[in-house]
Amino acid sequence: MKLRLMSDVLSETKIKFVLKTKLFGKRIYAFWSIGSTNDFAYRLAMQGEDEGALVIAEQQERGRGRKARVWDSQFGKGLWLSVILRPDLPSSNAGLIPYLAGVSVSRAVEDLTGLQPEMKWPNDVMLNNMKCCGVLSEVNFKNGKIDFIILGIGINVNHEAGEWSDEIDKIATSLRIEKNERLERADLLAEILFQLEQAYDDVKKNGFGQLLDQWKKRCPVFQQNITILQEDKKISGTFINLDEKGCLLLKGEDGKIKKIVAGDLLV
Ligand code: BT5
C-alpha cells in the first residue's frame, strides 16, 4: 500500500516519463503543496515564462473557482494543474478557451475510462449530473492583445464518496466513484495534456467552430429550456447557441435573444 501510494506522487520525473506532448509540460513545476496553481502560473507568466509551462500540485491550500469561490483540492486525490498559453489569436477568442479545456478533458476521460462526461455551461465537466471537473481560465491582455492565458483545470480522480464537505459531497463526484476503480493520475494527466495540445493546434489552424460543435454535442441542455443565475437574478429561455466569443445565446419567451457572458446554470 505504502509503495503504491508513494509511486502515485506526480513528481517532475514521473510526469516527464508519461507525457506525450511537445508543448504542454515543456517546463514542469511540480509541487507537494501550493496556494493555487493558477496564481503560481500567473506569476511565472508575468515574469516571461514560455507557453506550455505546466504547474501541478498534489494539494492546493487556496484552490480557486470563479469569483473567488473555493476549489476543494485534497492531497493526492485529483489533478490540480495550470498551463500557460500564449496564443496568437484575436483577443475576442479568449472566452473560448474554457470550451477547449472541457472538450479535451472529456475526450481524455472517455478514452481512459469509457465514461461519457457531459458539459455544463460554462466550464464544468459532469458525470451522472455531478461535477467531476472545473476550469478556471484567466487572461492577461497587453496592448489589446492576449498576452497570456492561465488555463487551470481541477479534476476529481481518486476521491471516494464522503471525502468532501457535506456541501460539496452533494454536487461532486470523482472518476473513481463513477468507474468503481482507482485510476493512475499520471496516465490521465498525460492524456488530458495530449488532447489539449491536439485541440489547441486544431483551433489555431481551423478556428473554434468544430470544437464548439463538439462541446454542444456533449451538452444535454443545448437547445433546451434553461435558467441561468446571475448574482441574485434568474434568466430563463432556450439555449439556442454559443456565439463566436463563447457567450451563451438565450432566446426568451418574447423571442428576443440575450447574450449571456457569465453566470451559473441552474439544473
Ligand atoms: C470552477 O469554478 O469550477 C473552477 C475550478 C478550477 C480549479 C482549478 S484546480 C487548478 C487551478 N488552480 C486553481 O486555484 N483553480 C484551478 P466554479 O464554476 O466557480 O465552481 C466552484 C464551485 O464548485 C464551488 O463553489 C463548489 O460549489 C464546487 N466545488 C468546489 N470544489 C469542488 C470539487 N473538488 N469538485 C466539484 N465541485 C467542487
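Keep in mind the model is a prediction, meaning the values are calculated, not measured. Whatever order the structure lists them in is the order used to number ligands and atoms, beginning at 1.
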Geometric N/O contact R62 with ligand 1, under 3.5 angstrom: no

Looking only at protein heavy atoms, which one is nearest to atom 27 (O) of ligand 1, and how far off is it? I171 CD1, 3.3 Å

Any idea which heavy atoms bring D169 and E163 closest together, and the distance? OD1-N, 4.2 Å

Need the ligand 1 atom indices (1-based, order shown) with element for anything under 4.0 Å from a heavy-atom of L81. 10 (C), 11 (C)

Does the separation of the ring centres of W215 and F222 fall below 6.0 angstrom? no

In the protein, which heavy atom is nearest to atom 35 (N) of ligand 1, and how far is it? N156 ND2, 2.8 Å

Determine whether any heavy atom of D264 lies closer than 4.0 Å to an atom of ligand 1. no

For A172, the atoms of ligand 1 under 4.0 Å from one of its heavy atoms are 35 (N), 36 (C)

Quick one: look up the protein heavy atom nearest atom 17 (P) of ligand 1 and list residue, atom name and how far away it is. R69 NH1, 3.5 Å

Grouping ILVMFWY residues whenever side-chain heavy atoms fall under 4.5 Å, the cluster of F31 otherwise contains Y29, I34, F40, Y42, L44, M46, V55, I84, F148, I150

Can you tell me if S174 uses its side chain to pair, donor with acceptor, with the backbone of H159 under 3.5 Å? yes

Near D232 CG, under 6.0 Å, is it more than 12 heavy atoms from other residues, nucleotides or ligands? no

For ligand 1, which atoms sit closer than 4.0 Å to a heavy atom of G63? 14 (O)

Just by distance, do the side chain of R86 and the backbone of E49 share a donor-acceptor pair under 3.5 Å? yes

Kindly confirm or rule out an N or O of D72 lying under 3.5 angstrom from an N or O of ligand 1. yes

For residues Q210 and Q214, is any side-chain donor paired with an opposing acceptor at under 3.5 Å? no

Any idea which protein heavy atom is nearest atom 30 (C) of ligand 1, and the distance to it? V70 O, 3.3 Å

For E61, what residues pass the side chain to side chain contact (heavy atoms under 4.5 Å, CB included) criterion, not counting sequence neighbours? S33, Q59

Is it true that N241 and Q223 share a donor-acceptor pair across their side chains at a distance under 3.5 Å? no

Within-cut-off N or O pair, S36 and ligand 1, under 3.5 Å: yes

Regarding S73 and Q60, do their side chains bring together a donor and an acceptor under 3.5 Å, going by distance alone? yes

Would you mind telling me if ligand 1 is within reach of the side chain of E167, the backbone, both or neither, using heavy atoms under 4.0 Å? neither

What protein heavy atom lies closest to atom 9 (S) of ligand 1? Include the residue and the distance to one decimal. Q60 NE2, 3.3 Å

protein heavy-atom neighbour closest to atom 37 (N) of ligand 1 works out as W71 CZ3, 3.7 Å

Considering only non-hydrogen protein atoms, determine which one is nearest to atom 10 (C) of ligand 1 and report residue, atom name and distance to 0.1 Å. T37 OG1, 3.2 Å

Are any of the heavy atoms in S73 under 4.0 Å away from ligand 1? no

Does any N or O of ligand 1 fall below 3.5 Å from an N or O anywhere on K131, backbone included? yes

Which of the numbered atoms in ligand 1 are below 4.0 angstrom from a heavy atom of R64? 5 (C), 6 (C), 7 (C), 13 (C), 14 (O), 15 (N), 16 (C)

Answer yes or no for K204 and Y200: cation-pi contact, defined as NZ/CZ to six-membered ring centre under 6.0 Å and angle to ring axis within 45°. yes

Would R66 count as a polar contact of ligand 1, with the cut-off being nitrogen or oxygen pairs under 3.5 Å? yes

Is it true that R218 and S106 share a donor-acceptor pair across their side chains at a distance under 3.5 Å? yes

